[in-house]
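Here is the structure we will look at.
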Amino acid sequence: MFPLGFSTLGCPGEPLDHVLELAKRNNIAGLELRTADDEFTHLGLTPAERRALRTRIEDAGLEILAVNSYVKLCAVEEQPLEAHLELAADLGARGVRVFPGDDPAEHLAEGPTPGEIRALDRVTSAPKDSRILLETHDSHSAGQKMAQLCRLLDAEAPSHNVKVLWDSAHTWSRGETPAEAYDLLKPWIDFIQIKDEDSTQDYKPVPIGAGDYPIADLLQTLKGTDYWLSLEWELKWHPHLPPLAEALPATLTWLS
């Protein structure tokens with residue numbers, strides 16, 4: 001069994017005590033902490049609050065896989081990447097989840113897009129204390145697109161600290177099998193998000209086991225590796241889904 005985590009996106013607004021109890025009850029070893037003003041993890045935490053949060057999570061035997069920001073690395077925006085990296089370092093997290101957020105229209109031309117050049121500039125100047133975990137999402141949901149961006153970073157900023165957070169359902173929704181996406185992304189993968197989706201409903205997230213995401217193919221592809229898997233249960237955005245308290249036991253069965 002791979003080490004398993006979950007994102008607090010699946011229990012929006014719930015206090016830390018609830019999250020820790022869910023983890024303990026389901027033998028969970030890692031957390032992705034959604035970082036927003038309406039969550040217990042946010043940029044406004046004082047140094048003392050950050051120390052206390054880190055201590056409680058570490059004392060529960062959990063690893064923080066990511067501070068999940070909404071920074072869009074390729075976009076023209078004012079999202080504070082550096083502040084999120086500082087928060088991740090203070091909490092002892094592996095890194096900060098970011099989105100690509102590029103303009104799809106710019107991908108019609110050959111070569112790096114203006115957004116990808118912006119991402120390169122931001123990565124080059126960012127602090128290196130925590131990793132930048134670039135999720136296969138939006139403009140770079142496909143493994144092929146993400147691999148192109150990572151190769152650009154490798155070539156132009158070889159000391160960068162970017163890794164890929166592989167949302168395995170997103171690459172599948174772009175027509176890539178788990179094996180194909182893995183082959184494309186393998187040099188940069190940090191950990192892997194999982195969820196079930198229904199391809200007949202435009203890849204809508206569904207209760208675990210109710211969709212047709214090829215979880216057996218993913219597990220076969222990852223055989224012999226020790227990547228973290230993390231359930232990205234999108235209850236915040238899809239309230240039709242069952243609560244995380246039901247989704248976690250179902251996920252353990254799904255993976256076995």
Side-chain angles (χ1 to χ4, degrees), residues 2-10 29-36 39 41-43 54 57 62-75 77 79-102 115-116 118-143 145-154 157-171 181-182 184-195 222 225-234:
F2 298 91
L4 184 63
F6 68 81
S7 168
T8 57
L9 183 66
L31 297 174
E32 295 179 68
L33 299 179
R34 178 175 182 264
T35 304
E39 302 288 0
T41 309
H42 55 84
L43 294 180
R54 177 174 180 168
I57 292 173
L62 298 170
E63 181 169 348
I64 302 176
L65 302 179
V67 163
N68 283 7
S69 79
Y70 293 93
V71 171
K72 296 178 180 178
L73 202 62
C74 298
E77 60 165 26
Q79 286 282 345
L81 174 61
E82 289 76 11
H84 283 93
L85 288 168
E86 180 181 354
L87 177 61
D90 289 345
L91 296 180
R94 292 164 73 100
V96 173
R97 188 281 306 276
V98 303
F99 294 143
D102 206 358
E116 289 173 333
R118 281 191 292 273
L120 174 61
D121 290 342
R122 296 183 81 182
V123 165
T124 302
S125 61
K128 300 293 193 293
D129 293 341
S130 298
R131 293 174 175 172
I132 297 171
L133 302 175
L134 189 54
E135 183 177 332
T136 49
H137 193 274
D138 53 68
S139 58
H140 291 68
S141 290
K145 286 286 188 185
M146 182 61 77
Q148 289 173 355
L149 177 53
C150 289
R151 285 194 293 268
L152 172 68
L153 299 177
D154 286 352
S159 63
H160 72 78
N161 63 337
V162 176
K163 302 288 282 186
V164 169
L165 197 177
W166 177 20
D167 185 319
S168 57
H170 282 169
T171 53
Y182 179 68
L184 288 163
L185 298 172
K186 184 178 179 180
W188 306 284
I189 294 171
D190 188 275
F191 71 94
I192 302 160
Q193 288 178 337
I194 57 171
K195 53 179 171 279
L222 299 177
T225 70
D226 59 355
Y227 291 110
W228 281 86
L229 303 182
S230 181
L231 177 65
E232 188 188 35
W233 200 240
E234 298 180 322

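Quick caveat, the model's predicted, so the values are computed rather than measured.
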Item to check | From CA spacing to verdict: side chain to side chain contact (heavy atoms under 4.5 Å, CB included), V71, F99 | outcome: CA-CA 6 Å; V71 171; F99 294 143; over 6 Å; no
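- Of all non-hydrogen atoms in A126 and L85, the two that sit nearest each other are CB-CD1, 3.9 Å.
- Side-chain atoms of R54 come within 3.5 Å of backbone N or O of D90 as a donor-acceptor pair.
- The residue from E135, E32, R34 that alone fulfils the side-chain hydrogen bond (donor to acceptor under 3.5 Å, both in side chains) condition with N68 is E32.
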Item to check | Pair I57-I64, side chain to side chain contact (heavy atoms under 4.5 Å, CB included): steps then yes or no | outcome: CA-CA 8 Å; I57 292 173; I64 302 176; 3.8 Å; yes
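- Atom-to-atom distance recorded for R97:CZ and Y70:OH is 5.5 Å, nearest 0.5 angstrom.
- The backbone N or O of G101 lies less than 3.5 Å from a partner atom in the side chain of D138, making a donor-acceptor pair.
- Remark: the D190 side chain and the W166 side chain contain no N/O donor-acceptor pair separated by less than 3.5 Å.
- Residue K186 places its NZ atom among 12 or fewer non-hydrogen atoms of other residues, nucleotides or ligands, all under 6.0 Å distant.
- The nearest pair of heavy atoms linking M146 to V164 is CG-CG2, 3.8 Å.
- With a 4.5 Å cut-off on side-chain heavy atoms, T41 and T8 do not count as touching.
- Separation of atoms CG (L149) and CG (D102) is listed at 8.5 Å; rounding is to 0.5 Å.
- In this structure, a donor-acceptor pair under 3.5 Å is absent between the side chains of Q193 and H137.
- For the 3.5 Å distance criterion, the side chains of E232 and S7 fail to qualify, holding no donor opposite an acceptor.
- Panel note: side chain E63, backbone A29; no donor-acceptor pair is recorded below 3.5 Å.
- Between the side chain of T35 and the main chain of V67, no donor-acceptor pair closer than 3.5 Å is present.
- Here the OH atom belonging to Y227 is positioned 4.5 Å from the CD1 atom belonging to I189, to the nearest 0.5 angstrom.
- In this structure a side-chain-to-backbone donor-acceptor pair under 3.5 Å is present from H170 to T136.
- No side-chain heavy atom of Q79 sits under 4.5 Å from any side-chain heavy atom of K72.
- In this structure, the side chains of W233 and L9 stay at 4.5 Å or more apart for every pair of heavy atoms.
- Heavy atoms only, all atoms of each residue included: H140 and K145 are closest at CD2-O, 3.4 Å.
- Heavy atoms only, all atoms of each residue included: Y182 and T225 are closest at OH-CG2, 3.7 Å.
- Counting only distance, with no hydrogens or angles, the side chain of S69 and the backbone of H84 share no donor-acceptor pair below 3.5 Å.
- The distance from atom CG of L4 to atom CG of L229, rounded to the nearest 0.5 Å, is 6.5 Å.
- L65 and S230 get closest at one heavy-atom pair: CD1-CB, 4.1 Å.
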Checklist entry - Under the side chain to side chain contact (heavy atoms under 4.5 Å, CB included) criterion, do R122 and I132 qualify, and how do the steps go? => result CA-CA 11 Å; R122 296 183 81 182; I132 297 171; over 6 Å; no
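- Taken to the nearest 0.5 Å, the CG atom of D226 stands 8.5 Å off from the CZ atom of F2.
- K163 and P187 get closest at one heavy-atom pair: NZ-O, 4.0 Å.
- Rounding to the nearest 0.5 Å places CD of E82 at 6.0 Å from OG of S125.
- Judged by distance alone, the side chain of D167 and the main-chain N or O of I194 form no donor-acceptor pair under 3.5 Å.
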Checklist entry - Where do V98 and L133 land on the side chain to side chain contact (heavy atoms under 4.5 Å, CB included) test, with the steps shown first? => result CA-CA 6 Å; V98 303; L133 302 175; over 6 Å; no
